[in-house]
Amino acid sequence: MTAPSPTTSALTPVFVRLKLSLLKNGLRQSGGRRAAYITSAVLALLFAALQLLGLIALRGNAHAATLTVLLVALLAIGWAVMPLFFPSGDETLDPTRLVMLPLRPRSMIGALLAASLVGIGPLFTLCLLLGSAIAVATRGVGAALVAVLAVPLALLVCVALARAVAAANTRLLTSRKGRDLAVLSGLVIAIGLQFVNFGAQRLGDAGGLSALDPAAEVVCWLPPSAAIGAVDSMSEGAYGRAAAQLLLCVAALGLLLYAWERSLVKLMTTPDGSTLAASDATRKESSGRGLASLLPEGRTGTVMLRTLRYAWRDPKTKAAWITSLAIGLIVPVFNALQGAGTVYLACFATGMLGMQMYNQFGQDTSAFWMVLLTISSTRDAYLELRARALALLLVTLPYTVLVAAVTAGVLGDWAKLPEVVGLALALLGAMLATGSVASATLAYAIPQDSRRNVAPGQGGIAALSILGGMVVSAVLCAPLIVLAVWLHVAGPHAGLWLLLPLGAAYGGLVCWVGLRVGAGRVVGRLPEILGAVSEG
């Protein structure tokens with residue numbers, strides 16, 4: 001006979017104690033981790049307390065319901081995406097650790113749900129939900145009673161949503177692609193901040209929160225925002241509407257728990273075939289030449305292919321590339337859409353991509369010793385740096401022209417397109433030149449086993465490399481900038497188109513000189529570069 005599976009009531013205290021033990025043991029690992037956790041907890045709770053007071057102060061405001069409903073929707077989105085970007089933030093998010101235990105998925109759900117309520121995130125969410133409910137529960141005892149039900153219901157929907165998403169994507173989160181996704185979280189945050197900034201500015205132009213009322217009317221029927229919407233409906237005397245919104249939240253919670261259970265059943269009964277799929281994909285990729293057939297033969301093509309593969313496969317290199325591409329397009333185009341931009345902001349995109357030339361050998365990490373074995377002369381070093389610069393140019397050249405054209409099209413200022421592209425090409429050449437020299441003289445390590453982009457103790461080197469290189473690049477572009485200003489102020493405007501060929505030629509010349517200087521530095525500092533990029 002087999003022993004019966006433990007019930008939810010028996011498992012709940014065990015899982016809660018497990019969660020507390022994981023938190024406690026994690027803080028015991030190091031003083032730095034303990035200090036970081038305590039600091040983040042204090043700041044998060046302080047922010048939550050301020051938000052709670054601010055929401056309570058909104059009580060009775062005409063737009064309180066609009067703000068709180070949308071705020072809860074943002075909270076739900078955060079709970080849905082955070083497990084994808086930070087899977088290591090909660091070790092109990094991986095149910096595969098419990099596969100070998102004699103536990104049934106249905107009995108595990110209640111216990112895991114209770115354990116999920118332990119932590120800073122749930123407490124932070126509870127404070128915001130409580131403040132939102134108080135802000136809209138303005139009239140009647142019925143609204144207060146509905147708020148007592150709505151707050152924990154909304155919290156459970158948020159937590160269940162996070163658990164269902166995490167369970168459905170457990171295979172992804174524990175794979176290399178999942179680690180790539182976690183590293184790319186910075187990109188999502190950066191792009192999201194740009195959209196929030198753009199939306200806030202458009203909101204101010206539209207006359208305030210009243211512009212969000214139509215969106216709130218829709219969102220108040222979507223769980224968990226529907227729970228706060230039910231409190232507001234009860235305050236207005238719409239009892240049927242409040243009941244319907246609460247029922248929607250209860251139904252959503254039931255569906256999420258069911259989806260979570262199905263995912264647990266699949267995880268606990270289906271073998272993981274990700275390794276076989278990965279090996280099949282590797283064999284397919286290696287069987288064809290693909291990009292290699294389009295690149296020149298010899299050392300140049302080999303180094304270009306390696307550089308491009310780093311940009312595609314290495315999580316941190318990929319994150320840096322995609323962040324530069326996204327932010328470089330968003331800043332000039334969004335400013336143009338708001339009518340406050342200029343075509344010259346297209347140079348910002350060039351600068352973002354030009355920074356990828358800095359610390360070229362740092363992305364090799366300790367594997368740089370294999371590159372070192374192939375460099376025995378200044379010419380070898382020059383060919384290495386030139387190939388890496390050409391790999392960047394494959395993307396940066398068309399991207400620079402594209403961003404400049406899109407910005408000019410949005411602004412309707414096509415006349416400035418040639419001169420802007422010329423200035424951007426000069427800036428690109430200058431940054432490739434300074435990046436070549438900085439890669440040889442100011443190399444630093446990029447840790448592969450953490451979220452840091454710079455090894456401890458090398459932050460000053462990284463700052464000097466990037467900031468110093470950008471300043472020198474701006475100085476190198478001074479002749480073209482002075483010429484452009486002179487043509488606008490005192491010279492013939494018809495000659496502004498000459499900045500396009502002059503910028504391309506000047507950028508190419510500066511890049512060639514920088515590659516030559518950088519190659520000489522590389523040959524003289526090979527051991528130092530290897531030691532710098534291998535730290536951490």
Reported CH2-to-CG distance for the pair Trp260 and Leu161, which is rounded to 0.5 angstrom: 11.5 Å
Atom pair CG/CD1 of Asn359 and Ile461 - distance to nearest 0.5 Å: 9.5 Å
Within-4.5 Å side-chain heavy-atom neighbours: Leu428 and Leu397: yes
Residues that Ile120 engages under side-chain contact (heavy atoms from CB on, under 4.5 Å), provided they are two or more places apart: Tyr37, Ala41, Ala44
Flag side-chain contact, heavy atom, 4.5 Å: Pro224 against Trp79: no
Gln51 side chain reached by Cys127 side chain, heavy atoms, under 4.5 Å: no
Any Leu496 side-chain heavy atom under 4.5 Å of Pro418 side chain: no
Side-chain (Glu261) to main-chain (Ile109) donor-acceptor, under 3.5 angstrom: no
Heavy-atom donor-acceptor pair, Thr407 side chain to Ala346 backbone, under 3.5 Å: no
Residue pair Trp321 / Trp312, side-chain heavy-atom distance below 4.5 Å: no
Heavy atoms of other groups near Arg262 CZ, more than 12 under 6.0 Å: no
Mutual orientation of the aromatic rings belonging to Tyr344 and His488 [parallel < 30°, tilted 30-60°, perpendicular > 60°]: perpendicular
Closest contact, heavy atoms only, Leu256 versus Ala164: O-CB, 3.9 Å
Test item: Trp414 and Val343 side chains (from C-beta on) under 4.5 Å apart, heavy atoms: no
Donor-acceptor contact below 3.5 Å, side chain Tyr310 vs main chain Gln363: no
4.5 Å side-chain heavy-atom contact, Met352 and Tyr399: no
Heavy atoms of other groups near Met470 CE, more than 12 under 6.0 Å: no
For the student: nearest non-hydrogen atoms of Ala230 and Leu246, plus distance: CB-CG, 3.8 Å
Atom pair OG1 (Thr125) and CG (Leu75), whose distance is rounded to the nearest 0.5 Å: 5.5 Å
Donor-acceptor pairs under 3.5 angstrom involving side-chain atoms of residues 130-159: please list them, not counting sequence neighbours.
from   : atom 1 : to     : atom 2 : distance (Å)
Ser132 : OG     : Leu128 : O      : 2.8
Arg139 : NE     : Ser235 : O      : 3.3
Arg139 : NH2    : Ser235 : O      : 3.3

Residues Thr434 and Tyr358: side-chain donor-acceptor under 3.5 angstrom: yes
Flag side-chain contact, heavy atom, 4.5 Å: Leu353 against Leu392: no
